[in-house]
Amino acid sequence: MKYSGKDFYNKVFELVKKIPAGKVTTYGAIAECLGSKSSARMVGWALNSTKRKDANVPAHRVVNRNGMLTGKNHFDGINMMEELLVSEGVKVEKNKIVNFSDFLWNPCSNK
DNA sequence: TTAGTGACTGTAG
DNA sequence: GCTACAGCCACTA
């Protein structure tokens, strides 16, 4: 099944919302889960839209493949993303998640 | 409608 | 091992 148009966005929102507290995932993982691993950029773009649409999506739990908080710049506060993750039990240091693999959560697992 | 851009990733040098 | 480039697809102006 191929996701096209807004379904892609919708699917991204659904998956991100399912991410349990204290866990994180990557753009690539989500994209791959949707069947388009090359569209990792779209995932980030979708998350940007969530903020814009005031959607209840924990975008701070989505980071890049290296576990780096590349999207923190898009949050209201520069340190907001890190603060949120830390408050959930995720170790963050210098905008990067410590023991990233340990906190990694596969969105496809929940499916 | 066309063109530009974007919170990434993988391959090549 | 690190840096640079190209590809990907949908949205915004």
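What you see below is based on every heavy atom in this structure, not just the backbone, and it leaves out hydrogens, waters and symmetry mates. The sequence lines fix the lettering, A, B, ..., with proteins before strands; numbering per chain opens at 1.
Rounded to a whole Å, the CZ atom of A:Phe8 is 14 Å from the P atom of C:dC8. Separating the CG atom of A:Asn48 from the P atom of B:dG4 is a distance of 21 Å, rounded to the nearest angstrom. Between the CG atom of A:Leu34 and the C1' atom of C:dC8 there is a distance of 14 Å, given to the nearest Å. The distance between atom CH2 of A:Trp45 and atom C1' of B:dG4, rounded to the nearest whole Å, is 10 Å. For A:Met68 and B:dC8, the CE to P distance is 9 Å, given to the nearest whole Å. With rounding to whole Å, A:Arg41 atom CZ is found 13 Å from B:dG10 atom P. If you measure from atom OH of A:Tyr9 to atom P of B:dA7, you get 12 Å, rounded to the nearest angstrom. Put simply, CG on A:Asn66 is 13 Å from C1' on C:dC2, counting in whole angstrom units.
A:Ala46 comes within 4.0 angstrom of nothing in the nucleic acid, heavy atoms only.
When atom types are taken as modelled, the side chain of A:Arg61 and the backbone of A:Ile19 share a donor-acceptor pair closer than 3.5 angstrom. Remark: side-chain polar atoms of A:Thr25 are not paired, donor with acceptor, to backbone N or O of A:Asn106 under 3.5 angstrom.
Here A:Glu82 pairs with nothing under the salt bridge (Lys or Arg N to Asp or Glu O under 4.0 Å) rule; sequence neighbours left out.
In this model, no side-chain donor or acceptor of A:Arg65 finds a partner on the base of B:dC8 within 3.5 Å.
Annotation: side chain of A:Tyr9 is not in contact with side chain of A:Thr50 (no heavy-atom distance under 4.5 Å).
Between B:dC8 and A:Thr70, a contact under 4.0 Å exists linking OP1 or OP2 to a side-chain N or O.
Minimum atom distance to the side chain of A:Asn64 is reached by B:dT9, of the listed B:dT9, C:dC8, B:dA7. Taking every side-chain heavy atom of A:Phe75 into account, B:dA7 is the closest of C:dC11, B:dA7, B:dT9.
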